[in-house]
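Presented below is the structure to which this report refers.
Here is the naming used below: chain letters follow the sequence lines, and residue numbers restart at 1 for every chain.
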Amino acid sequence: MAHDIALTDILQRRQKIMDAFQFLGEDQQAKLEYLMDLGEALPSLTAAQRSEENKISGCMSKVWLVHREEKGVLILAGDSNTVITKGLLSLLIQLYTHQKPKIIIDHDFSWLQTIGLYQIIGAQRANGFAHMINRCKMVALRYYKQKV
Amino acid sequence: MAHDIALTDILQRRQKIMDAFQFLGEDQQAKLEYLMDLGEALPSLTAAQRSEENKISGCMSKVWLVHREEKGVLILAGDSNTVITKGLLSLLIQLYTHQKPKIIIDHDFSWLQTIGLYQIIGAQRANGFAHMINRCKMVALRYYKQKV
Amino acid sequence: MPTPSSQDSFLDTNLAAAFPILQQKIYQKSLIYLDNAATTQKPIQVIQALQQYYEQYNANIHRAAHTLSSIATRNVEDTRAMIQQWINAATTEEIIFTQGTTAAINLVAQTYAKQQLNAGDEILISLLEHHANIVPWQMLAQEKGVVLKVIPVKTDGTLDMDAFDQLLTAKTKMVALVHISSTLGIINPIEQIIQKAHARHAVVLIDGAQSIAHMPIDVQQWDVDFFVFSAHKAYGPTGLGILYGKKQYLEMMPPYQGGGGMVAHVTTHQSKYQPLPYKLEAGTPPIASICAFQEAIRFIQTIGYTKIQKIEHALLVYAQELLQKIPAITLYGTTDVKKKIGIIALNVQGMHHLDVGLLLDARGIAVRTGLLCTQPLIDYWQVDGMVRISLAVYNTFQDIAITVQALKNIIQKHGT
Amino acid sequence: MPTPSSQDSFLDTNLAAAFPILQQKIYQKSLIYLDNAATTQKPIQVIQALQQYYEQYNANIHRAAHTLSSIATRNVEDTRAMIQQWINAATTEEIIFTQGTTAAINLVAQTYAKQQLNAGDEILISLLEHHANIVPWQMLAQEKGVVLKVIPVKTDGTLDMDAFDQLLTAKTKMVALVHISSTLGIINPIEQIIQKAHARHAVVLIDGAQSIAHMPIDVQQWDVDFFVFSAHKAYGPTGLGILYGKKQYLEMMPPYQGGGGMVAHVTTHQSKYQPLPYKLEAGTPPIASICAFQEAIRFIQTIGYTKIQKIEHALLVYAQELLQKIPAITLYGTTDVKKKIGIIALNVQGMHHLDVGLLLDARGIAVRTGLLCTQPLIDYWQVDGMVRISLAVYNTFQDIAITVQALKNIIQKHGT
Ligand SMILES: Cc1ncc(COP(=O)(O)O)c(C=O)c1O
Ligand SMILES: Cc1ncc(COP(=O)(O)O)c(C=O)c1O
């Protein structure tokens, strides 16, 4: 599944994710399978990219995030040694890639509660997910500060 | 209350104690008051008799027991710094004084359960009471061994 | 005996109703529980929370791979966050779960103090301390050659602050002090003591076992370095204590115990430890007690400390007034109700404290007697024990009235 | 998938019915709990015993002056006596209450071993150890300069006894060994090891966290010096562990923590300690858990170890047979059912253990994944984690059948 970068508006992208989970309703197993599908579809990083520097600490599994800027927007890619975490990362990238740093910095993640993700991935992984979100915001902040 | 040494039979003495408690029924307060009456009635020992040697360890309060032999029977007296413990000791002396060592050694104390004493004096004091019983038996054993 | 009138409208609440154990009879008499300094009773919410834990989400925590474990983990961390806010700690990393106040003090003695103090350094405690805040320091003194100094009390049981000023020197590296005396109910001026100690660069541990249920705690405002208490003395379950420590100190501390949960990486020759708070929490913690403690905190917060203090203060005033009128009763320590909480230590003339305790018990009244785990203080009064009445928020004027009446009867019958 | 037939009449008992949590749904699916090595669930009797404690006789113990305290004290001592008989200790003084297995091992390391061992002395552990039986010894090694040696395992996960014979020398002063591996379920030949260690005058601590619920323990027959376990892994409440120690060793040990209950006489400059077991139990213990643990022991004794072993053995045989038929599944350690209890560690080819765990969880099946607090052993297999299925007596053939079917589905969908 490629990321729909055509949807430039972050709120539209968010809606798309919410719709997908809403469709799956209360079926936790299906949500997990969906996350795994996302994870399996996300292209892997090269061994070189899976460096200590790119690693996000605080997650149960190993997670890497790479980034570059292109014409004022941030381009993100990532990988993980577990498929479900890769799926989570994929959600994040889906939302954030090809966005302006300021938009990433300002985005409020409280809507995640509504899609029941925390229930299915559990407290510990939710914690790890928060670390991923943080890393994205930190990266965005760095680019943003360079510019201003 | 003087000890009824006329009742030489230990079973009769036991019965007398059981009767007294049976009469008091379920009234724990009355049983306690009865014990205190016994304690207050028991003559105190002299300061010299309240020696380290005569002290029974393992009790919550201080307890002393003195003993001598006279014509084949053991004569016991005792004291405590708390009235209720003195009452307990009084019960023991009531039962054992002027008895032959062998009778004291052989006497089984399981009947004590039936008078509800342990409930009213509590686990810790019951423990102390067991130490008093033990001391009496040890004393009796010593006299008994000297004889045979 | 008159009881305070209904003008005290805050007394309307029947808090005891939430405590199943208080509905009980002891020897056909309603239980009057006045041994709250030893442990408080638990409201039904706490008991139900334990049941819920075991019936709905019992699981081992950390590194959760499954839902139950995830729920249990979150609940444990929720409790930590509640405690942090409750006592106003700066971060949740400063809240460590232990087995009790005793374990928490031993932890600080065996990690922080053992590492930071050297032979000849001095630790100040007071004559008011519970054994839990004496023996760990004696053990350390023996092991490390640090010197234990004792702040004396004045004849009314309050800390001798002049003596404290004298004892506090450049050699003092640690002050370990009880917040509220478990025997006399006296509240120590800990803010002043902390300030003076800090001015001398001494680190301060406050034993809050008797304060947590009775007055608001603010570790940041007081700038206290370590603060410890037990859940079971604050309407919570047994087997759980809390160590608050300033992050800077907790971070410099080596771990106390080794085991699961406190390590990040283990090989057979060495281990890397987890960050705070986990570094100091080895093994499976008392999970059920931690989860259920939330309900105890909620119980306290729902009533509010203002009201708790008002109720307990009124009960204390009433009890002391009645007791002071009985000539055969000796009260220990100050009776100035501005300086103390609802703990009253007494003796009956000519009677042994154990006898008094047992006679009260036969009337369904639970008090504690003896050395009260504060032997040095009891020795100071040159007695071999005391009778202690200690109040909680669910006690009533009736409890007090009945107890005083019982004491009068006992004195009449058995006193001299 | 066929399940064993009703010829196995011992399987009729519906033990799960006594466990309220097992009647629950996780994601609309019935909970299948296979994380018993982490903690077992609790039968209703245990939950009710906790409730009874708090509703009927909650009080602090020791030096009891009142009825509640007296009842609580007696109950705590009754539990001690039950445990003594259960594991066949010589006296109740040899049974010490701790917070858990971890606390018990740390206690022995920090008292007995710290006092008796000197720099250069050796402690033997094995590669099978839980972190709780590694880190305390590493900490001691660092503090005292004692040397930690590790008994390796053979490729099937069993202890390399030849290596043990080599490692056990006159320098070995202590052997600290897990009874049953929490990761592989392998039962170590502890009787033989104890004999050999004793012949060399080494003292032996056995970590019985995984054995207590699954096989009879006889500390006197085995002549073991220290034996430790946790109540929560044996159908009991959280927050309670047991240290058994031979009286001769416990007596020579200094106290571990100082506080109330463990002292006989306290002055501000020194203290006299209580006799065993109290010397080693400072502060208010987890009273509710201790009292309720009686019901857990009764639960085990009512079924009986013979039947427990029969049930769990049959479940293990069934599970391994089914799992061995799945090519994508790797099982770790010996599958010889005579050498192990119902713990199975596995991985699915091409899948991360965390993903497998979460996918099982979404199907209502609770297993543990990851390093399982035995990182050195996991490292030995050169993986970064495993999926662990661990059984208890209330598990059923249906639990196994559903779990294996779920694994098959997962492999079909996501495996390589
Ligand atoms: C073999 C073994 N030892 C020690 C422990 C630690 O037990 P606790 O966390 O109850 O202290 C465990 C529990 O996971 C274990 O399985
Ligand atoms: C002032 C004080 N400190 C410490 C303790 C010890 O608390 P715990 O037994 O819960 O460890 C107590 C409890 O009696 C206390 O009152």
Side-chain angles (χ1 to χ4, degrees), chain B residues 1 20-42 44-45 47 50 52 55-64 78-91 115-129 131-132, chain C residues 24-35 38-39 328 346-375 378-379 381-388 402-416:
Chain B
M1 202 185 97
F21 278 90
Q22 179 133 36
F23 174 77
L24 297 170
E26 289 299 294
D27 189 342
Q28 301 292 337
Q29 193 181 326
K31 286 184 188 174
L32 205 53
E33 305 276 2
Y34 177 63
L35 273 182
M36 290 194 84
D37 290 343
L38 289 180
E40 278 160 9
L42 189 70
S44 295
L45 295 181
R50 292 199 296 269
E52 266 313 302
K55 206 162 150 185
I56 302 176
S57 61
C59 302
M60 285 175 86
S61 34
K62 291 177 188 153
V63 187
W64 300 270
D79 204 348
S80 167
N81 66 338
T82 82
V83 181
I84 292 165
T85 304
K86 220 172 147 185
L88 290 171
L89 193 61
S90 172
L91 278 184
I115 65 175
L117 204 59
Y118 292 148
Q119 262 175 62
I120 175 76
I121 63 174
Q124 203 97 22
R125 266 202 175 151
N127 218 356
F129 195 34
H131 282 102
M132 293 183 227
Chain C
Q24 255 197 128
K25 305 265 176 202
I26 297 287
Y27 306 135
Q28 290 93 49
K29 275 139 198 145
S30 296
L31 170 62
I32 295 179
Y33 186 77
L34 299 173
D35 192 18
T39 198
L346 59 85
N347 261 315
V348 172
Q349 218 173 299
M351 288 189 74
H352 195 276
H353 53 87
L354 275 172
D355 288 333
V356 176
L358 231 63
L359 286 164
L360 285 173
D361 184 52
R363 289 161 174 82
I365 302 164
V367 299
R368 190 138 301 230
T369 63
L371 298 171
L372 309 173
C373 283
T374 56
Q375 186 166 9
I378 304 288
D379 286 349
W381 299 104
Q382 294 180 301
V383 290
D384 70 345
M386 295 179 185
V387 175
R388 181 184 67 187
I402 293 173
T403 303
V404 172
Q405 192 54 54
L407 276 168
K408 282 185 179 168
N409 290 344
I410 289 167
I411 290 165
Q412 210 171 16
K413 263 201 189 138
H414 305 282
T416 47

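By the salt bridge (charged side-chain N to carboxylate O under 4.0 Å, His left out) test, Glu52(B) is found to be paired with Lys55(B), residues two or more places apart in sequence or in another chain being considered. Partners of Asp35(C) by salt bridge (charged side-chain N to carboxylate O under 4.0 Å, His left out), not counting sequence neighbours, listed by chain and number: Arg368(C), Arg388(C).
In this structure, Gln29(B) CD and Leu360(C) CG are separated by 10.0 Å, a value rounded to the nearest 0.5 Å. Summarising the geometry, atom CG belonging to Asp37(B) is positioned 8.5 Å from atom NZ belonging to Lys413(C); distances are rounded to the nearest 0.5 Å. With rounding to the nearest 0.5 Å, the separation of CD in Gln28(B) from CZ in Arg363(C) is 12.5 Å. Expressed to the nearest 0.5 Å, how far CD1 of Ile121(B) lies from CG of Asp361(C) amounts to 12.0 Å.
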What do the steps show when you test Met36(B) against Leu359(C) for side-chain contact (heavy atoms from CB on, under 4.5 Å), and what is the final call? CA-CA 10 Å; Met36(B) 290 194 84; Leu359(C) 286 164; 3.1 Å; yes
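Under the side-chain contact (heavy atoms from CB on, under 4.5 Å) rule, Asp355(C) has a single partner from Val83(B), Leu32(B), Asn81(B), Thr85(B), which is Val83(B).
For Glu40(B), the CD atom sits in a packed shell: over 12 heavy atoms of surrounding residues, nucleotides or ligands are nearer than 6.0 Å. Under a cut-off of 6.0 angstrom, the local environment of NZ in Lys29(C) is crowded, with over 12 non-hydrogen atoms contributed by other residues, nucleotides or ligands.
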